[in-house]
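Notes follow once the structure below has been shown.
Note that this is a predicted model, so its numbers are computed, not measured. Read the numbers this way: they start at 1 and go in the same order the structure lists the ligands and their atoms.
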Amino acid sequence: MAIRDILTVPDPRLKEVSKPVEGGVTDEIRALMDDMLETMYAAPGIGLAAIQIGVPLRVIVMDLAKEDEEPAPRYFVNPEILPLTEDTAPYEEGCLSVPEVYDEVERPTECRIRYLDYDGKEVEEVATDLFAVCIQHEMDHLEGTLFIDYLSRLKRQRAVDKVKKAQRAKARDAA
Ligand code: K2U
Ligand code: ZN
């Protein structure tokens with residue numbers, strides 16, 4: 001397993017539409033998900049899409065366990081999502097690819113998801129609460145959409161400028 005670099009805005013690769021995994025959940029795809037999970041835990045985060053480590057494949061990992069709970073890793077290969085309700089609710093989102101930026105995004109409160117799990121088995125379930133928020137956030141990544149794309153142009157530009165400024169400061173400190 002390996003901790004991989006996480007792409008941050010304005011990296012253009014984050015806008016790519018990820019491609020479906022062909023040929024099922026192989027050992028290679030499992031190794032990718034193992035790296036994604038290790039990278040997510042180290043960030044730390046509770047979800048991660050493969051494009052965030054530069055791999056344009058429709059793969060997501062997640063762990064919604066609380067700090068005082070046992071880890072509960074989740075794996076989603078070629079996930080499909082169907083909104084289940086017209087009810088929406090706001091949630092203060094963040095993103096490992098837009099570090100230190102948080103803002104409210106309104107999303108459906110429930111959705112039905114269908115995917116292949118770590119062993120390649122097809123699973124269909126209903127996501128609610130934080131699971132619904134996180135899976136929709138990650139599914140957006142597979143379409144090249146970031147949560148800041150739902151904000152105003154001014155807020156989005158300020159977010160990108162903040163990340164670029166922080167990256168420049170980090171590079172200066174490392175020099
Ligand atoms: O895509 C990512 O960067 C992973 C996000 C997942 C996430 C975004 C919005 C709402 C819930 C989850 C990161 O885990 S951001 C860090 C974080 C952690 C807990 C709650 C919200 C955000
Ligand atoms: Zn994100």
Side-chain angles (χ1 to χ4, degrees), residues 2-19 21 32-81 83-85 87-111 113 115 125-152 155-164 166-167 170:
I3 295 175
R4 315 272 280 264
D5 290 338
I6 295 177
L7 305 185
T8 54
V9 293
D11 193 311
R13 287 173 288 178
L14 288 168
K15 291 193 175 300
E16 279 183 42
V17 176
S18 296
K19 297 172 186 59
V21 168
L32 167 65
M33 294 194 285
D34 292 342
D35 281 0
M36 288 173 63
L37 206 60
E38 188 177 9
T39 301
M40 184 194 80
Y41 286 138
I46 60 174
L48 193 73
I51 192 62
Q52 292 181 273
I53 59 168
V55 177
L57 287 176
R58 302 184 81 83
V59 178
I60 291 166
V61 297
M62 192 183 300
D63 189 334
L64 303 180
K66 294 182 175 57
E67 281 186 14
D68 58 350
E69 296 173 342
E70 281 300 305
R74 306 287 309 269
Y75 308 88
F76 307 86
V77 177
N78 294 343
E80 302 164 77
I81 197 163
L84 256 191
T85 171
D87 299 340
T88 63
Y91 190 91
E92 181 89 357
E93 298 196 11
C95 182
L96 298 177
S97 295
V98 193
E100 306 304 320
V101 172
Y102 300 92
D103 213 316
E104 265 195 5
V105 176
E106 189 95 14
R107 297 186 189 271
T109 54
E110 291 185 12
C111 53
I113 54 176
Y115 58 92
E125 61 179 308
V126 174
T128 60
D129 303 319
L130 181 56
F131 183 16
V133 174
C134 190
I135 196 63
Q136 291 177 87
H137 176 107
E138 302 308 335
M139 288 295 293
D140 273 351
H141 275 298
L142 304 186
E143 300 303 325
T145 299
L146 299 172
F147 85 98
I148 56 172
D149 295 333
Y150 295 100
L151 307 181
S152 68
K155 277 190 170 182
R156 184 164 57 250
Q157 192 53 58
R158 281 177 174 164
V160 173
D161 291 345
K162 179 178 179 181
V163 174
K164 286 165 72 174
Q167 301 290 15
K170 192 174 169 185

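L96 CG, 4.0 Å is the protein heavy atom nearest to atom 13 (C) of ligand 1.
Residues N78 and Y115 have side chains that never bring a donor and an acceptor to within less than 3.5 angstrom of each other. One side chain, T88 or E106, offers a donor N or O that lies under 3.5 Å from an acceptor on the other.
Remark: E38 does not engage R4 in a salt bridge, criterion side-chain N to carboxylate O under 4.0 Å. Ion pairing between K66 and D68 fails under the 4.0 Å rule for side-chain N and carboxylate O. Salt-bridge annotation for R107 and D87: absent, with no side-chain N of the basic residue lying under 4.0 Å from a carboxylate O of the acidic one. A salt bridge links D103 with K155; the closest basic N to acidic carboxylate O contact falls under 4.0 Å.
No part of E92 comes within 4.0 Å of ligand 1, judged by heavy-atom distances. Residue contacts with ligand 1 for M40 are absent, since no atom lies close enough (heavy atoms, distance under 4.0 Å). In I46, the parts holding a heavy atom less than 4.0 Å from any atom of ligand 1 are both the side chain and the backbone.
Of the listed residues (Q136, E138, M62), the one carrying the non-hydrogen atom nearest atom 6 (C) of ligand 1 is E138. Counting only non-hydrogen atoms, the option in G45, G47, S97 that gets closest to atom 4 (C) of ligand 1 is G47. When F147, Y91, Y102 are ranked by how near their heavy atoms come to atom 21 (C) of ligand 1, first place goes to Y91.
Ligand 1 places these atoms under 4.0 Å from at least one heavy atom of G94: 8 (C), 9 (C), 15 (S). The contact set between ligand 1 and V133, taken as ligand atoms under 4.0 Å from a residue heavy atom, comprises 10 (C). With ligand atoms numbered from 1 in the order given, ligand 1 contributes 1 (O) to contacts under 4.0 Å with heavy atoms of H141.
Under a 3.5 Å cut-off, the side chain of S97 and the backbone N or O of L7 do form a donor-acceptor pair.
In this structure, atom 10 (C) of ligand 1 is in close contact with the protein, since a protein heavy atom lies within 4.0 Å of it.
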Evaluation steps, side chain to side chain donor-acceptor pair (under 3.5 Å), between D140 and Q136: CA-CA 6 Å; D140 273 351; Q136 291 177 87; over 6 Å; no

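Annotation: angle subtended at the Zn ion (ligand 2) by H141 NE2 and C95 SG is 100°, to 10°.
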